[in-house]
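So the structure is just underneath, and the comments pick up after that.
As the structure is a computational prediction, the values presented were derived from the model and not from experiment. Order of the sequence lines fixes the chain letters, A, B, ..., with proteins taken first and strands second; residue numbering starts at 1 for each chain.
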Amino acid sequence: MNEDPPRYDWRAIQERWSGVWEKLDPYRAGGPHEGKPKKYILDMFSYPSGDLHMGHAEAFAIGDAIARYWMLRGFDVLHPIGWDSFGLPAENAAIRKNDHPADYTHANIETQAQSFKRYAMSFDWSRRLHTSDSSYYRWTQWLFLRFYERGLAYRKASPVNWCPDDQTVLANEQVVAGKCERCGAEVTKRNLTQWFFKITDYADRLLDDMHQLEGSWPERVLLMQRNWIGRSTGAEVDFTIESAPDQPAETVTVFTTRPDTLYGATFFVVAADSPLAGQLVTPEQRAAFDAYLAQVRRLTDIERQSTDREKTGVFLGRRAVNPVNGERIAVWAADYVLADYGTGAIMAVPAHDQRDLDFARAFGLPVRRVVDSRGPDPAETGVATTGDGLLVNSGPYDGLGKDVAIARITVDLAARDTGKPAVNYRLRDWLLSRQRFWGVPIPIVHCAQCGEVPVPDDALPVVLPDLRGQDLAPRGVSPLASATDWVQVTCPRCGGPATRDTDTMDTFVDSSWYFLRYCSPTYELGPFDPEAVRAWMPVDQYVGGVEHAILHLLYSRFFTKVLFDMGLIDFAEPFLAQLNQGQVINQGKSMSKSLGNGVDLGVELDAHGVDAIRLTMLFAGPPEDDKDWADVSPTGSGKFLARAWRVWSDVGAVVPSGGAGDHDVCRGVARLVHEVTGSVEGYRFNVAIARLMELTSLLRRAIDSGPGPSDPAVREGAEWLTVQLSLFAPYAAEDGWALLGHHVEGGDVVGRATWPVVDPSLLVDEAVTCVVQVSGKVRARLQVPPGIDEGTLRGLALADEGVRRALGDRAVRTVIVRPPGLVNVVPA
RNA sequence: GGGCGAGUGGCGGAAUGGCAGACGCGCACGGUUCAGGUCCGUGUGUCCGUAAGGACGUGGGGGUUCAAGUCCCCCCUCGCCCACCA
């Protein structure tokens, strides 16, 4: 009878080891580190909108490889998982299916948890958390109250972004190109009283602390945050608006980054939709202004922000007086000036600002150059000169350069009390209230006697009422308002009748502190145990998508700084290092239902197995590159795993006795294993996997046509291959570990083995191939000892047949000798 | 319009200023197999050449250097981000 050799069977392997891991639970983080150094490796937690998809598969393969690496290096690693489980999709599903959002949420969480386990994630499952559990959101409310006490959470009426489809307000950060980030509907403005976090108080620190992150955060993310915060330094300048004869004069302040161009201000513009415009307009111009304002209000933000639009505006009938030269300039209202940036009013310097120039040309307003740019006249070319130059037409400031002029003019304005240095930010306060149900209730009570009253800490959590199905249908006010029993309360301060705030918090509030909760997920005395946070935080490596570059990452940094100021933590940046994986795309395009190019993770896992998919994700390229699924080969990954498995199977469980084994195998293994370590530390997993493929081929050759499977060096190579491959292919590696004789069921899992460290003496080359170039082209290769001296090498190179042939009859001008690897002969 | 990043075989991608194309996919040929697939081996940048060998070659152009995919300048193309923020 012919006995078939054993074969790599990933299905059987997955089934076998997932059961064992479930029992052993091998990836729990330690307590106080037992003397070991710590690493906190954090994957962005998951939103439970369905099962895991291809994007998750890539991101989590990266995070898991990093976490597993540090475990094998002997660190105490915290690698937790949880769910960002409040949010609109669950609520919309509940309305559709007439049930409770929690049902949908928990079903999806269970599905994802099972998928994570199948995907062999090395999570500490004991720390799992859900932001929609009252045991979690109790502390979200507690944090809100602390922010409130410090004046960092406040309510104000203002025009806010309104999504007509989701029937809720949105934060600035959630409006992308005038549309709702989530559903794509065009966002409109509504004047509403809403809750805000005063993130603008932290603008400077959010900006300045970024230098700590340089080098360990993607440059692109830092840049996006810088742009988003948008700090501009300049001056505020007071213009007097000439009054009607019977009225007192008014002062309107403008912000400018170019106070040096003050002499070039030839008109004055206020935002058409600001209250200021309505106050300034004269009775004669009132009708024209009202008509213009109506026209502006009809525009959507998208139309309004289109930069190639013709400039529009209307004269308000009054004049402003320039504080530096007393010049009277016309006051206009226009929609190119924004009501909510700076002071909502500008001085227009058309010669040196393109927008002002476009406006001046549209309405025939004067243009005066005050910076000598030596170019053609902007009034004629239509191109404003925005660069540096010496001042002209600027009275006492003529001849000054930009920086000096800005400093001098600002000082002089301040001395006459008509201006001062000023800083402005693009960043606005974080609008956190939402008129939806499935979120954290805002723990504030409104009392006719006492006004806003915080819910006392010992009355937390304010638990959501039990609403479901049609109770949740959007009607422009929060669904919580219809839960009358829930809304009606007694005032915690005076005991009189009061009502609960019916808004819920933006889910980004939940995710702004979850990384702290993981340190002590069941702690009852506060949001986190200070001891545990001191032990684990900050996060050493955060892994997730770049789509959170300004939302989640900025908010989390803000929260961390506030907690630092409260004295609750002793660090001001939560994430020391950040890695953004690329997207998984298909045929050059991101996957979408409408394109029909979606790839289902479950189908891929069923077809190729977990290890092959993880390996494919990581081998496809550097982590931050996009991966096109049409360009990669899970089949190839599977073949590699089968080859590796056959090596383990051939080497088997018999431990050879004594000796280092075959010298060449030993050195080859050492070199490759060493290179894998370097590649993993640099997050070049594609290169690490390439080296493991080479290692596998080397061992294959050693078994078939070298010293054979029982050589000690071959065995050691096989063990190391197993340990290193376990970062990427945990199932196959565990099976290999068992094949090599380890008692996995008894707790000797490969994921808790020791990362190989090679003897440095094995990495020193015994013979080096020296490349000899003539004029930079390779003409000969010499085998030389690594310690060869310059003179000897030079002599050998010049004597070489190939070199002489290439030189021909030309004389040698220079010889560059870089022992032992390179000689470059330069002929005359 | 502004900012940032990237362009390397048929494809994904390697390469501290020092042998361009590691590793893989694909393809070709050979072996194994009743056959197909699997598996094993060999080859595979382009051009000239039976071969030995040679010429060319990292988007285009210029420069620095003994030596450039890598550094500098200009241009082209693509991608991403921001976009009337005074």
Quick check on RNA chain B: between A:M693 and A:R813, whose nearest nucleotide comes earlier from the 5' end?
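Closer to the 5' end of RNA chain B: A:M693.
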
For RNA chain B, whose closest nucleotide is more 5', that of A:D625 or that of A:I816?
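Checking each residue's closest nucleotide, the 5'-ward one belongs to A:D625.
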
Syn-anti status, with the boundary at 90° from 0, for the nucleotide B:rG54
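In terms of base orientation relative to the sugar, B:rG54 is anti.
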
Which one is paired to [N], where only Watson-Crick or G-U wobble pairs with both distances under 3.5 angstrom count?
| N | result |
| --- | --- |
| B:rC66 | B:rG18 |
| B:rG26 | B:rU44 |
| B:rG1 | B:rC82 |
| B:rU77 | B:rA6 |
| B:rG57 | none |
| B:rG36 | none |

Using whole Å, what does the distance between atom P of nucleotide B:rC80 and atom NZ of A:K589 come to?
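So the NZ-P distance, A:K589 to B:rC80, works out to 12 Å.
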
Atom-to-atom span, CG of A:D340 to P of B:rA86 - whole angstrom
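In whole Å, B:rA86 P lies 13 Å from A:D340 CG.
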
Any luck finding a side-chain donor-acceptor pair between [X] and [Y] under 3.5 Å?
| X | Y | result |
| --- | --- | --- |
| A:Q783 | A:T769 | yes |
| A:Y263 | A:N322 | no |
| A:H352 | A:T385 | yes |
| A:T200 | A:Y425 | no |

List, with names and distances, any nitrogen or oxygen atoms from the protein found under 3.5 Å away from nitrogen or oxygen atoms belonging to nucleotides 1-3 of chain B.
none

Between the protein and nucleotides 7-12 of chain B, are there any N/O to N/O pairs under 3.5 Å, and if so, what are the atom names and distances?
unit_1	atom_1	unit_2	atom_2	d
B:rG12	O2'	A:A620	O	2.6

Under-3.5 Å donor-acceptor pair between A:K639 side chain and B:rC39 base:
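Such a pair does not exist between side chain and base.
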
Once hydrogens and angles are ignored, does a donor-acceptor distance under 3.5 Å link the base of B:rG5 to the side chain of A:R220?
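In this structure, the two groups form no donor-acceptor pair.
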
Going by an N to O cut-off under 4.0 Å, is there a salt bridge joining A:R11 and A:D9?
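Salt bridge absent between A:R11 and A:D9.
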
